[in-house]
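Scroll down for the structure; my scribbles are underneath it.
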Amino acid sequence: MTSPTSPNKTSLTAHLLALRTQTPYAAATQHPFLTDAGRLVLPRARLSLWLSQDKIYAADAYPRFVALLIAKIPLGDGGPGDALHTYTNPDGSQIEESRNRRTLRILVGALQNIVREVGFFEDTAARWGLEIGGAGDAEGDWVERRGTRDYTAEMARVASLGTLEEGLVFLWAMEQAYLDAWRYVKSLLPPLPEAEAGQAIRSLTESWTNTAFVAFVDELAALADEYYGAAMDAGGSGSGNRSVARAEAIWARVIELEEAFWPNAGEETTARVSK
């Protein structure tokens, strides 16, 4: 999906993907957890631990994050001419109601996706015998990792205190990193057949690299690029634009959080809930 930037101008998301960050992008998208998953040598317990943390992210943090972004959309009253109504951003740029409604549609779609994903987690765990109960469950299996707490806390902070545009960058960054991580896993998968744990990993990989998910990530990228089009046309952060500089900081932070979200070897033996 192309972004509405001027000819020969770099879009925001392309700029961020090319940006050198303190934590390299590959550290988040080619983590040892993912390498072991792709080679089908990931211990079942570590897979269960990670899935329990992703369930916390998906069932609790993500819906709240998206709901707060929806509340920031400056929708009109639905009267005649609303589709052409414009609002003025703090930086003086004009935004149209049609874009606001498109933003709403995409974010509502994100909520619908995450509801399905939580059900997919539970079905996958039941099918392949994975323990994904969290510390808050009556029969919890795993504690909440620090990486999970840091990630969900940052989601809440950005959604509460940041602008809508910053929240959209954060959302795209999360989904882009997730897509690229599972693309990496897919690139390592050996031919069929395999044991049950391998079948579970293949099922997860197919879910997060399919054409529908790719289209969703591309749509988020195009939306973020549209919001930041004027800033990028003006020279981006190189021209002293603070909004682009903040987007760069968000991208770098998401990469840090993504790297820390993947469990390291041995955590499956220390993160169990004492019973």
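Everything quoted here is computed from the prediction, not taken from an experiment.
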### Task
Go through the steps for Glu144 and Ile56 under the test side chain to side chain contact (heavy atoms under 4.5 Å, CB included), then give the verdict.
CA-CA 8 Å; Glu144 185 174 356; Ile56 293 171; 3.9 Å; yes
### Pairing residues for Glu117 by the side-chain hydrogen bond (donor to acceptor under 3.5 Å, both in side chains) criterion, not counting sequence neighbours
Trp208
### Query
Can any side-chain N or O of Arg105 pair as donor or acceptor with the backbone N or O of Arg101 at less than 3.5 Å?
no
### Query
Any side-chain heavy atom of Glu268 sitting closer than 4.5 Å to one from Leu47?
no
### Summary
Closest non-hydrogen contact found for Gly167 with Val158 is CA-CG1, 4.1 Å
### Message
Do Val214 and Arg183 make a side-chain contact, defined as non-hydrogen atoms from C-beta onward lying under 4.5 Å apart?
### Response
yes
### Task
List for me each residue that meets salt bridge (Lys or Arg N to Asp or Glu O under 4.0 Å) alongside Asp54, sequence neighbours excluded, and say none if there are none.
none
#### Entry: pair Leu168-Ile106: side-chain heavy atoms closer than 4.5 Å
no
### Query
Would a 4.5 Å heavy-atom cut-off, applied to side chains only, mark Trp50 and Arg46 as touching?
no
### Message
For Arg102 and Glu219: C-alpha separation, side-chain torsions, deciding distance, then whether salt bridge (charged side-chain N to carboxylate O under 4.0 Å, His left out) applies.
### Response
CA-CA 10 Å; Arg102 187 166 70 258; Glu219 191 171 36; over 6 Å; no
### Query
Are any of the side-chain heavy atoms of Glu175 and Phe213 separated by less than 4.5 Å?
yes
### Message
Looking at Leu49, is its backbone amide N or carbonyl O close enough to the side chain of Ser52 to form a donor-acceptor pair, meaning the two atoms are under 3.5 Å apart?
### Response
yes
### Message
Against Glu131, only a single residue in Lys55, Arg272, Arg44 fulfils salt bridge (charged side-chain N to carboxylate O under 4.0 Å, His left out); can you say which?
### Response
Arg272
### Message
Less than 4.0 angstrom from a charged side-chain N to a carboxylate O is my criterion; do Asp150 and Arg146 meet it?
### Response
yes
### Query
What residues, two or more places apart in sequence or in another chain, satisfy side-chain hydrogen bond (donor to acceptor under 3.5 Å, both in side chains) together with Arg149?
none
### Task
Ignoring hydrogens and angles, tell me if any N or O in the side chain of Thr23 forms a donor-acceptor pair with the backbone of Glu256 under 3.5 Å.
no
